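Notes follow the structure.
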Amino acid sequence: MRIAVTGAGGKLGRKVVARALLAGHDVVAVDLPAALGELQQSHFDATTLPQSGFAASVECRAADLTQFDEVRAALAGTDAVAHLGALIHPRYPEPVVHHTNVGGTHHVLVAAEEHGLGAVCLASSVNAIGGIFSATPRYDYFPIDEEHPTYCEDSYSLSKWIGEQQMAAFARRRPTVTFSALRLHALRKDFAAAHRPAEDDRDPRELWGWTSFDSAAAACLLALHRSTPGPAVYNIVAARTSTDVPSEELARRWYPDAPLRRPLPRNTGFWDTGRALAELGWDAEDEHPALSDRERNAR
Ligand SMILES: NC(=O)c1ccc[n+]([C@@H]2O[C@H](COP(=O)([O-])OP(=O)(O)OC[C@H]3O[C@@H](n4cnc5c(N)ncnc54)[C@H](O)[C@@H]3O)[C@@H](O)[C@H]2O)c1
């Protein structure tokens, strides 16, 4: 596959570019010029991405997501897109976050349709239902599945929720295409980097969740290889929390009104990842350091 990666110069984008190359795909790296410059100069781990491989298999195309003509040109000639580019925090002015994230996602979806791409993967967020950026997040039950209602409040979380609705609309227009939105959570290198032994070290609004960069990148590739067409949202969150405090104790202390739909023994995470396992083969127990056969280019 020839995969366009928006936000390719960002933290996750670099991982997805590297992993896609390792899997034998060609990559079109899309980002703002400065970020692409950093990507090209960046120091990829020689064991995972030799510089020569990068130069041969990556085409860098500068594009501002807010400019449709640039996005359309950037996606030309590609088979699939992993749309990761965004302003990732509500600290930017609200209209700018909305314009970039909602407008940018719309541009990517229109361009993907015009060019006939067969698979679209969007980086969404657990914040699509409200969470870390909410004054007081509301969780109706645990573990949280993809059907949980949204109570989001801020511009970033709202943009991720709208992105999922945009995706569903474009999926209705193109029923043979695979559309996946990945609800990622606090990206970290690995469990050691995410680990905060005491519960007080983490804000209870984010439910002690995290996702390794490797597993987020793996989920992107698995989503682009999904065989069943149509739209789907997936929780992509590690199976265990970042804290050593037992999850049921945390639930009782911080969210006593939210029922447990099933037990959360020991440090079980607060997110239901069963759909990602069943439909993508993405296992929340695994930090996905190794490439799987399902991510590889079929050629
Ligand atoms: N980092 C996390 O913990 C986290 C958690 C959940 C979801 N996500 C989502 O994952 C995706 C990637 O996150 P990240 O951590 O790599 O973020 P990042 O900020 O490192 O990368 C985002 C990239 O988007 C690019 N971008 C921003 N505005 C743009 C524009 N107008 N035109 C073109 N490119 C533009 C930036 O240049 C940057 O390279 C985002 O969509 C984010 O919402 C991230």
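Treat the numbers as computed from the prediction; the structure is a model and nothing was measured. The chain is numbered in sequence order, starting from 1.
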#### Entry: Pair Ile88-Tyr156, side-chain contact (heavy atoms from CB on, under 4.5 Å): steps then yes or no
CA-CA 7 Å; Ile88 70 162; Tyr156 171 74; 4.3 Å; yes

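- Residues Cys121 and Leu221 fail the side-chain proximity criterion, which asks for heavy atoms closer than 4.5 Å.
- Nearest heavy-atom pair across His98 and Ile162 is CE1-CD1, 3.9 Å.
- Closest of all the heavy-atom pairs between Phe170 and Glu113 is CD2-OE1, 3.5 Å.
- Of the residues listed (Leu277, Leu222, Asn235), the one engaging Trp282 in a side chain to side chain contact (heavy atoms under 4.5 Å, CB included) is Leu222, and it is the only one.
- Distance CZ/Arg226 to OG1/Thr178: 5.0 Å, rounded to 0.5 Å.
- Classified by interplanar angle (parallel below 30°, tilted 30° to 60°, perpendicular above 60°), the ring pair His148/Tyr151 is perpendicular.
- Asn127 places a side-chain N or O within 3.5 Å of a backbone atom of Ile132 that can act as its donor or acceptor partner.
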### Task
Take Glu249 and Arg253, measure what salt bridge (charged side-chain N to carboxylate O under 4.0 Å, His left out) needs, and give me the verdict at the end.
CA-CA 6 Å; Glu249 187 181 323; Arg253 187 179 310 161; 2.5 Å; yes

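- Considering CZ of Phe179 and CZ of Arg173, their distance stands at 8.5 Å, rounded to 0.5 Å.
- Thr6 places a side-chain N or O within 3.5 Å of a backbone atom of Gly85 that can act as its donor or acceptor partner.
- In this structure, the side chain of Glu70 engages the main chain of Asp64 through a donor-acceptor pair within 3.5 Å.
- Considering every non-hydrogen atom in both Ala8 and Asp31, the closest pair reads N-OD2, 3.4 Å.
- Taking 4.0 Å as the cut-off between side-chain N and carboxylate O, Asp272 and Arg261 do not count as a salt-bridged pair.
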### Query
Given Glu248 and Arg266, is the salt bridge (charged side-chain N to carboxylate O under 4.0 Å, His left out) satisfied, shown in steps?
CA-CA 8 Å; Glu248 292 189 4; Arg266 298 178 295 281; over 6 Å; no

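- Considering every non-hydrogen atom in both Thr273 and Val237, the closest pair reads CG2-O, 3.4 Å.
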### Query
Would Met1 and Asp26 count as a side-chain contact (heavy atoms from CB on, under 4.5 Å) if you check the C-alpha gap in whole Å, the side-chain angles of each, and the deciding distance to 0.1 Å?
CA-CA 6 Å; Met1 267 197 283; Asp26 293 328; over 6 Å; no

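- Separating the CD atom in Glu206 from the OG1 atom in Thr241 is a distance of 11.5 Å, to the nearest 0.5 Å.
- Listed for the Asp79 side chain is no donor-acceptor partner under 3.5 Å among the backbone atoms of Ile3.
- Listed for the Asp154 side chain is no donor-acceptor partner under 3.5 Å among the backbone atoms of Pro90.
- Each of Gln67, His107, His115 was compared with Arg72 under the side chain to side chain contact (heavy atoms under 4.5 Å, CB included) criterion, and only His115 meets it.
- For the pair Arg14 and Glu38, the salt-bridge criterion is met [side-chain N within less than 4.0 Å of a carboxylate O].
- For Phe68 and His106, the ring centers sit 6.0 Å or farther from each other.
- By the 4.5 Å heavy-atom criterion applied to side chains, Trp208 and Asn267 are not counted as neighbours.
- In terms of hydrophobic clustering, with Ile, Leu, Val, Met, Phe, Trp and Tyr side chains grouped at heavy-atom distances under 4.5 Å, Leu224 and Val27 are assigned to a common cluster.
- Using a cutoff of 4.0 Å between basic side-chain nitrogens and carboxylate oxygens, Arg183 and Glu164 are scored as salt-bridged.
- Proximity of a side-chain donor or acceptor of Ser134 to a complementary backbone N or O of Gly131 within less than 3.5 Å is detected.
- Judged by distance alone, the side chain of Ser180 and the main-chain N or O of Ala232 form no donor-acceptor pair under 3.5 Å.
- The aromatic rings of His185 and Trp271 sit perpendicular to each other, their planes meeting at more than 60°, with 30° as the lower class boundary.
- Less than 6.0 angstrom separates the ring centroid of His225 from the ring centroid of His25.
- Atom CG of residue Leu39 and atom SG of residue Cys60 lie 5.5 Å apart, to the nearest 0.5 angstrom.
- Ring orientation note: the planes of Phe191 and Trp210 are tilted relative to one another, at an angle of 30° to 60°.
- Cluster annotation: Leu65 and Tyr92 are assigned to distinct hydrophobic clusters (Ile/Leu/Val/Met/Phe/Trp/Tyr, side-chain heavy-atom contacts under 4.5 Å, transitive).
- Put simply, the side chain of Leu84 reaches to within 4.5 Å of the side chain of Val16, judged on heavy atoms.
- Proximity of Phe213 to Lys11: side-chain heavy atoms (C-beta onward) are separated by under 4.5 Å at one or more points.
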### Query
Do Trp254 and Leu207 pass the side-chain contact (heavy atoms from CB on, under 4.5 Å) test, and can you show the C-alpha distance, the side-chain angles, and the key distance before you say yes or no?
CA-CA 10 Å; Trp254 293 100; Leu207 294 175; over 6 Å; no

### Task
I would like to know whether Glu279 and Tyr234 meet side chain to side chain donor-acceptor pair (under 3.5 Å); could you show each step before the answer?
CA-CA 9 Å; Glu279 298 185 12; Tyr234 297 100; 2.7 Å; yes

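- Side chain of Lys160 to main chain of Ala123: a donor-acceptor pair is present (N/O by atom type, distance under 3.5 Å, no hydrogens or angles).
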#### Entry: CA sep, side-chain torsions, deciding dist, call: Ser215, Glu287, side chain to side chain donor-acceptor pair (under 3.5 Å)
CA-CA 5 Å; Ser215 63; Glu287 289 185 18; over 6 Å; no

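- Using a 4.0 Å cut-off between a side-chain N of Lys or Arg and a carboxylate O of Asp or Glu, Arg2 and Glu59 qualify as a salt bridge.
- In this model, no donor atom of one side chain and acceptor atom of the other lie less than 3.5 Å apart for Ser212 and Asp214.
- Annotation: side chain of Leu182 is not in contact with side chain of Ser124 (no heavy-atom distance under 4.5 Å).
- The aromatic ring centres of Phe142 and Tyr255 sit less than 6.0 Å apart.
- Using a 4.5 Å heavy-atom cutoff, the side chains of Leu12 and Leu184 are in contact.
- Of all heavy-atom pairs between Leu117 and Ala80, the closest is CD2-C, 3.5 Å.
- Linking Ile, Leu, Val, Met, Phe, Trp and Tyr whenever their side-chain heavy atoms come within less than 4.5 Å puts Val177 and Val81 in one cluster.
- Inter-residue side-chain proximity for Tyr141 and Leu260 is flagged as unmet; no heavy-atom pair is nearer than 4.5 Å.
- A side-chain donor-acceptor contact under 3.5 Å links Thr100 to the backbone of Val96.
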### Task
Report the C-alpha distance between His288 and Asp283 in whole Å, list the side-chain angles of each, state the deciding distance to 0.1 Å, and finish with yes or no for side chain to side chain donor-acceptor pair (under 3.5 Å).
CA-CA 8 Å; His288 296 264; Asp283 186 351; over 6 Å; no

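- Ala218 and Glu295 get closest at one heavy-atom pair: CA-OE1, 3.6 Å.
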### Query
Going through the checks in order, is the side-chain contact (heavy atoms from CB on, under 4.5 Å) test met by Arg19 and Leu291?
CA-CA 8 Å; Arg19 199 163 177 113; Leu291 196 67; 3.7 Å; yes

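- In summary, Arg188 and Asp190 do not engage in a salt bridge, as defined by a charged side-chain N under 4.0 Å from a carboxylate O.
- Counting only heavy atoms from C-beta outward, the side chains of Met167 and Val233 approach each other to under 4.5 Å.
- A distance-only check finds a donor-acceptor pair linking the side chain of Thr211 to the backbone of Ile236 [under 3.5 Å].
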